[in-house]
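Following: one structure in structure tokens, then a few remarks.
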Amino acid sequence: MSNSSVFEKTTVAPGKAKHKRKSRYKPRGRQASTRATAEINQLFEGKSLQRDLLIENLHILQDEFGYLDTDHLAALAELMRLPLSEIYEVATFYHNFTVHESTQEAPRLTVKVCDSLSCALRGSAQLQHELSNAFDGQVKVTHGACMGRCNLAPIVRIENQYISQATIDASANAIKKRLSGHEHTGPEHDSLSLTDYLEKGGYRILKDLYARRTTPAKIIEELKESGHRGLGGAGFPHAMKINSVLSIDGPRLMAVNADESEPGTFKDRYYMNTNPHQFLEGMFIGAELVEAEEIYIFLRDEYPDTAQILKSALSDAEIAGLNNGRRVHLRRGAGAYICGEESAMLESIEGKRAYPRQKPPFPAHVGLFNRPTLINNVETLYWLPQILEKGADWYREGGRSDSQGMRTFSLSGQVKKPGVYRVPAGITAQELIDKYGGGMLEGHQFKAYLPGGASGGMLPAHMADIPLDFGTLEKYGCFIGSAAVIVLSDQDNLKDVCRNIMHFFEDESCGQCTPCRMGTTKALKLMQAEHWDQDLLTDLSDVMRDASICGLGQAAPNVLVSLMKFFPEELS
């Protein structure tokens, strides 16, 4: 279509003289009001408007007004010189953005009740129902995906405030305070300071690397000898990943995935909140090894307390010169489980919808902003300084059943002491429950467990003696993933457990590929029936596993398949 199509023109009949008439421009689409334009211009005065900061700018907008007004979105599109359709599709992709039509009355407050499995086991559905009735018409009460506090279930989120082990009374009182204008100050955390970390010998390895008292080649070889693997879920050998990034000429970047959204996982939050500098030292070592020019930390939006801790720790590290001049960008996620997939995370950092990329090329070679990119999760980097300080042999020691090293488990569900436990790799679920979790809750008998969160499958209690580690669960159709162990009891309906998990995957599917988008929806519909069509569900699961673009669709049927395989009595 030619550019002239946006103008009104006078139609002239053949042979008639043209009348001189000034063309009138009519702008198309939604136009921002004068009020919205003035508010947006004031809010973003002096702030960067580069394209990759779109999600950050949407956060700024929602933080200011409590939601994303469509009139404000139109003004932001004009200010950032982006199509409104592009801004709208990004804003509506992420769960934590609330887009509100400007012509309608906005909610005074949005409250989310976590409905992921650990919270569902502790009655979150009933809690959401009671809160909806208590504040009908005043507050928007809705569900929320896992909030990374599964050891404190159930969880209620009131903007940036979290109610742990939430009850109707505690939640209602907190909501009333917010409605009356009371500002939440946030929890205090006992984080190890830079001074204390330095006194314990922290940053020694990093300083040695900067001064070339040790070399990148020596460190990479030490990591190779230790058998250190990525601890975000995939378990890829760390040294191999670094060498893959180094195989491509720079300039290079580094991206840290701190968006642990797997239901049942909360170990990264624990490490960042308690000892942020050990994580940062590992991060700076990784960046130095690949000569990354800049570092991007992608932190989930559900961790506002962690964001403040990291901002303070990064500031202290920069003042002390420990970043070696590298700029570190702390980017907030916006609520999308798919960002756990590394290429989807990169898309989100670039300010786009989090659609996984086709591979190859792999992000190590063509990653963030099309540069070679080293991608690690938080715990992977957290152990780097200690491995290099104490040696490969230290890291390999302590495992059970032919496993090497230690693993960090997030334990939740029907146990007395849910929490984060650093234990020998290869430990069994039974020992994890009895020795560390304090045993089952009173009146509950151990029935089943999920060894790797929602995507890791499910096993019966009589198979709780299998070593929990990479490579030990795959032959049963399960995997350890991020080591999120969720424990189920005889009081839990396993069909409901599977429905909860499939609903999660349906809600979190990015929608890019048909096998995942339609497969999760169709599977959940079939699972609502009293009697399941197991043959059809098996065929559907095979298609999702074989044809989905990324791990979300491939892993979505795992718990369902486990139920049909190991718990036939539940389906009879």
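- Side chain of His238 to backbone of Gly230: no donor-acceptor contact under 3.5 angstrom is found.
- A salt bridge links Arg252 to Glu291: one of the charged nitrogens lies within less than 4.0 Å of a carboxylate oxygen.
- A donor-acceptor pair is defined here as one N or O able to donate and one able to accept, closer than 3.5 Å; such a pair exists between the side chain of Thr373 and the backbone of Leu368.
- Panel note: side chain Ser261, backbone Asp259; a donor-acceptor pair is recorded below 3.5 Å.
- Just one residue in the list His59, His100, His72 forms a ring pair (Phe, Tyr, Trp, His ring centres under 6.0 Å) with Phe65, and that residue is His72.
- A donor-acceptor contact closer than 3.5 angstrom links the side chains of Lys112 and Asn96.
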Quiz prompt | Audit row: Ser412, Asn151, side-chain hydrogen bond (donor to acceptor under 3.5 Å, both in side chains) steps and yes/no | solution = CA-CA 5 Å; Ser412 64; Asn151 55 321; over 6 Å; no
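- Considering only residues two or more places apart in sequence or on other chains, His143 meets the side chain to side chain donor-acceptor pair (under 3.5 Å) condition with Asp115.
- For Arg229, the salt bridge (charged side-chain N to carboxylate O under 4.0 Å, His left out) criterion is met by no residue, not counting sequence neighbours.
- Atom OH of Tyr270 is surrounded by 12 or fewer heavy atoms from other residues, nucleotides or ligands within 6.0 Å.
- Side-chain contact annotation: Ser410 with Thr265, donor-acceptor N/O pair under 3.5 Å absent.
- Counted by atom type alone, Glu262 and Ser455 present one or more donor-acceptor pairs between their side chains at under 3.5 Å.
- Here the options are Phe236, Tyr395, Trp383, the test is ring pair (Phe, Tyr, Trp, His ring centres under 6.0 Å), and the partner is His228; only Tyr395 passes.
- With hydrogens and angles disregarded, no donor-acceptor distance shorter than 3.5 Å links the side chain of Thr380 to the backbone of Asn376.
- Ionic pairing of Arg300 and Glu260 is not present here: no N-O contact between side-chain nitrogen and carboxylate oxygen is shorter than 4.0 angstrom.
- Side chain to side chain, Asp268 and Asn377 meet the donor-acceptor criterion of an N or O pair below 3.5 Å.
- For the ring pair (Phe, Tyr, Trp, His ring centres under 6.0 Å) test, residues two or more places apart in sequence or in another chain that qualify with Phe369 are Tyr296.
- Applying the salt bridge (Lys or Arg N to Asp or Glu O under 4.0 Å) definition to pairs two or more places apart or across chains, none involves residues 501-515.
- With hydrogens and angles disregarded, a donor-acceptor distance shorter than 3.5 Å links the side chain of Ser116 to the backbone of Cys146.
- In Met518, the CE atom is not crowded: 12 or fewer heavy atoms of neighbouring residues, nucleotides or ligands sit closer than 6.0 Å.
- A donor-acceptor pair is defined here as one N or O able to donate and one able to accept, closer than 3.5 Å; no such pair exists between the side chain of Arg332 and the backbone of Leu299.
- Qualifying side chain to side chain donor-acceptor pair (under 3.5 Å) partners for Arg517, counting only residues two or more places apart in sequence or in other chains: Thr514.
- By the side chain to side chain contact (heavy atoms under 4.5 Å, CB included) test, Ser244 pairs with Ala364, His365, sequence neighbours left out.
- Sequence neighbours left out, the pairs with a member in residues 366-377 that pass salt bridge (Lys or Arg N to Asp or Glu O under 4.0 Å) are Glu293-Arg371.
- The list of salt bridge (Lys or Arg N to Asp or Glu O under 4.0 Å) pairs with a residue in residues 84-100, not counting sequence neighbours, reads Arg51-Glu86, Glu89-Arg353.
- Classification of Glu341 and Lys359 as a salt-bridged pair holds, one side-chain N sitting under 4.0 Å from a carboxylate O.
- Contact check on Arg326 versus Glu294 returns no salt bridge, with no Lys/Arg side-chain nitrogen under 4.0 Å from an Asp/Glu carboxylate oxygen.
- Of the possible polar contacts, none joining the Arg331 side chain to the Glu56 backbone as a donor-acceptor pair under 3.5 Å is found.
- Lys311 and Asp305 are not joined by a salt bridge, as no carboxylate oxygen comes within less than 4.0 angstrom of a charged side-chain nitrogen.
- Under the ring pair (Phe, Tyr, Trp, His ring centres under 6.0 Å) criterion, Phe479 pairs with no residue, sequence neighbours left out.
- By the ring pair (Phe, Tyr, Trp, His ring centres under 6.0 Å) test, Tyr203 is found to be paired with Tyr197, His277, residues two or more places apart in sequence or in another chain being considered.
- Of all non-hydrogen atoms in Ile55 and Ser348, the two that sit nearest each other are CD1-O, 3.4 Å.
- Environment of CD in Glu288: crowded, with over 12 heavy atoms of neighbouring residues, nucleotides or ligands closer than 6.0 Å.
- The residues Arg157 and Asp301 are annotated as salt-bridged, a charged nitrogen and a carboxylate oxygen being separated by less than 4.0 angstrom.
- By the neighbour-count criterion of 12 heavy atoms within 6.0 Å, atom CD of Glu350 is densely surrounded, having more than that number from other residues, nucleotides or ligands.
- Taking Ile168 as the reference, Leu127, Glu130, Leu131 meet the side chain to side chain contact (heavy atoms under 4.5 Å, CB included) condition, with sequence neighbours excluded.
- Side-chain atoms of Ser509 do not come within 3.5 Å of backbone N or O of Phe505 as any donor-acceptor pair.
- The closest donor-acceptor contact from the side chain of Lys47 to the backbone of Leu43 lies under 3.5 Å.
- Figure legend: cation-pi geometry between Arg407 and Phe470, with NZ or CZ positioned under 6.0 Å from the six-membered ring centre and within 45° of its axis.
- For the side chain to side chain donor-acceptor pair (under 3.5 Å) test, residues two or more places apart in sequence or in another chain that qualify with Glu101 are Arg30, Thr70.
- Between Tyr436 and Phe409, a ring centre-to-centre spacing not shorter than 6.0 Å is recorded.
- How far SG of Cys339 is from CG of Leu346: 9.5 Å, rounded to the nearest 0.5 Å.
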